[in-house]
Number of protein chains: 2
Amino acid sequence: MLNTATPSTPAPVLPAIGNAIAGQHTADTLKLLCEQLKPQRRVVHTGDVVYQAGERFANLYILNSGFFKIVNLSIDGREQVVGLKFRGDWLGFDGIAGTRYACDAVAMDTGEIWVVPYVALLEACTRHPALLHVLHTAMSREIAHDRDSLMSVCTLPADARVADFLRHWAESLAERGMRTDEITLRMTRAEIGNYLGMTLESVSRALSRLARDNVIGFATKGRRDVQIPDVGALSAFVQRCLAPAPAMLQ
Amino acid sequence: MLNTATPSTPAPVLPAIGNAIAGQHTADTLKLLCEQLKPQRRVVHTGDVVYQAGERFANLYILNSGFFKIVNLSIDGREQVVGLKFRGDWLGFDGIAGTRYACDAVAMDTGEIWVVPYVALLEACTRHPALLHVLHTAMSREIAHDRDSLMSVCTLPADARVADFLRHWAESLAERGMRTDEITLRMTRAEIGNYLGMTLESVSRALSRLARDNVIGFATKGRRDVQIPDVGALSAFVQRCLAPAPAMLQ
DNA sequence: CGTAGGTTTGAGACTCCTCAAGCATGGTGG
DNA sequence: CCACCATGCTTGAGGAGTCTCAAACCTACG
């Protein structure tokens with residue numbers, strides 16, 4: 001659980017399938033926010049808690065670099081990873097409604113977050129309406145994505161869920177202009193399984209099958225790094241899982 | 001699938017376990033919105049589509065009465081109920097980010113919605129900042145609730161999921177000042193199962209078990225109406241499902 | 001009164017979980 | 001430097017839970 005020396009946000013690199021301006025949108029938005037809000041910057045390391053369930057809500061956080069998980073806790077002690085956040089994402093929306101945060105936000109790597117007091121943000125929005133739309137867009141995206149997660153968990157078998165998880169991860173990186181052909185999962189199998197509603201053993205088996213089918217590859221050393229030569233192959237794998245025996249030997 | 005003659009929002013009635021001002025918060029918020037926004041009112045009937053995935057985003061909708069489902073659609077044709085909405089809830093947040101709605105919103109009963117053009121809402125917010133906080137609260141609640149749904153699906157066995165679903169439904173009604181001792185499920189078993197990530201048969205079996213354990217009851221005629229004498233019993237049932245064999249016979 | 005849609009219940013199949021063992025990796029201290 | 005340990009990963013065997021398929025029932029409606 002110690003910090004790796006290298007932060008997880010290398011200089012943006014072209015994604016495998018080249019959209020030359022990939023990541024530009026994220027970068028532009030971040031620039032706007034930084035200029036308008038002059039946020040306090042805070043460096044976090046693996047395991048650092050950005051905010052905690054029950055803590056009084058005051059700030060939103062914008063992720064400039066690093067990688068974070070959102071963990072929901074139930075009264076009876078169940079623990080559930082309900083979200084994963086990358087550069088450009090916001091943290092803390094869950095706190096607006098109840099005056100207290102509803103879950104934990106934990107860094108899974110070294111990174112930098114921008115602290116934005118909610119009241120200061122609202123004030124800035126009156127001066128600069130574009131900010132308000134950026135905020136709403138971020139919340140809207142989160143709502144839409146949470147629904148997609150629910151659909152994945154509800155409609156996909158275990159193997160497809162893992163494939164879809166990797167696909168989404170790769171696409172998130174691509175949107176931010178980062179390379180997707182080899183990604184480093186900074187989550188254990190147990191965390192992935194928790195997020196996807198399955199056991200760590202099932203995650204491991206799913207990954208093994210994906211590797212056997214050459215949909216993904218493993219780096220020479222260790223199995224934390226996953227090679228994704230073709231993101232489309234992951235989508236195809238998902239479809240194959242959904243069609244039990246399509247036109248097998250047609 | 002025809003409309004029932006009676007709309008689903010009777011005059012607010014005290015909830016089973018009396019919080020004398022239950023529903024007051026919802027009512028107050030709706031009053032504020034109505035006064036400030038003077039929204040266009042629209043009556044909908046069972047099956048009416050409020051908005052559709054792909055349709056150009058322009059409006060948000062506030063639910064004054066009735067009962068609605070949010071349906072996500074995947075490219076490959078999977079269909080997933082990802083949300084249920086009651087009086088006081090908002091519809092359409094998913095459209096803000098992408099300029100188009102990301103899912104379908106469908107009425108499951110006769111009801112009334114208030115149409116609020118997004119740009120008009122923003123304009124009104126500059127004049128009346130309290131509106132902005134109401135909007136953000138609504139979005140925040142939605143985010144928090146979506147996460148709770150994901151946790152339910154990921155961590156609870158089938159029976160507990162159904163119990164938790166009923167508990168949440170009853171609490172939603174209670175918050176709005178409606179009676180919770182006998183509720184009418186306006187969803188088929190298939191829809192419930194889809195929402196909870198299980199088959200209609202499993203839902204049916206779960207309900208039968210809940211009835212056998214006297215956690216719920218069925219009305220004399222038909223099995224659409226569910227009696228919930230004690231919402232706490234549903235929570236207890238969920239806990240019992242989570243503790244496989246706790247202190248069985250000491 | 002017949003039909004259609006929704007529900008219940010059963011039996012068998014299949015997926016995924018549980019439990020267990022063995023292996024790999026990386027850090028620590030002798 | 002290497003033995004040692006902790007942690008995480010993989011794989012197998014067996015079992016629990018859920019799904020699939022099928023039949024029968026019930027209710028509403030024409």
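Letters A, B, ... mirror the listed sequences (proteins, then strands); counts begin at 1.
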Taken to the nearest whole Å, CZ/A/Arg186 to P/D/dC9 is 14 Å

B/Leu210 CG to C/dT8 C1', in whole Å, measures 15 Å

Sorted by number, residues from residues 196-208 of chain B placing a heavy atom under 4.0 Å from DNA chain D are B/Gly197, B/Met198, B/Thr199, B/Glu201, B/Ser202, B/Arg205

Sequence neighbours excluded, the answer for side-chain hydrogen bond (donor to acceptor under 3.5 Å, both in side chains) partners of A/Arg161 is none

Check: A/Asp89 side chain, A/Phe86 main-chain N or O, donor-acceptor pair, under 3.5 Å:
yes

Across all chains, not counting sequence neighbours, the salt bridge (charged side-chain N to carboxylate O under 4.0 Å, His left out) partners of A/Glu55 are none

Practice prompt. Flag the pair B/Phe218 / B/Asp225 as yes when at least one side-chain heavy-atom distance between them is below 4.5 Å, and no otherwise.
Written response: no

Taken to the nearest whole Å, CZ/B/Phe218 to P/C/dG6 is 17 Å

By side-chain hydrogen bond (donor to acceptor under 3.5 Å, both in side chains), B/Arg209 pairs with (sequence neighbours left out) B/Asp159

When rounded to whole Å, the CZ to P distance for the pair B/Arg224 and C/dT8 reads 10 Å

note: A/Arg212, atom CZ; D/dT10, atom P; distance rounded to Å ~ 14 Å

Hey, is the main chain of A/His45 close enough, under 3.5 Å, to the side chain of A/Asp48 for a donor-acceptor pair? yes

>> Assess whether a salt bridge exists between B/Glu171 and B/Arg167, defined as any Lys/Arg side-chain N lying under 4.0 Å from an Asp/Glu carboxylate O.
In response: yes

Can you confirm whether B/Phe165 sits close enough to B/Leu84 that some side-chain heavy atom of one is under 4.5 Å from a side-chain heavy atom of the other? yes

Whole-Å distance, A/Asp225 CG to D/dG8 C1', equals 15 Å

Do the side chains of A/Asn64 and A/Ile113 get nearer than 4.5 Å, heavy atoms only?
no

B/Asp104 (side chain) donor-acceptor with B/Ala53 (main chain) under 3.5 angstrom | yes

| Short question: side chain of B/Tyr101, backbone of B/Asp94 - any donor-acceptor pair under 3.5 Å? | no

Note: contacts of residues 149-159 of chain A with DNA chain D (heavy atom, under 4.0 Å) are none

Axis-to-axis angle for the helix from C/dC1-D/dG30 to C/dG30-D/dC1, ends of five pairs each, to 10°, equals 30°

Atom CG of B/Leu242 and atom C1' of D/dG17 are separated, to the nearest Å, by 15 Å

With a cut-off of less than 4.0 Å, is there a side-chain N or O of B/Arg189 near OP1 or OP2 of C/dT7? yes

Whole-Å distance, B/Ile216 CD1 to C/dT7 P, equals 13 Å

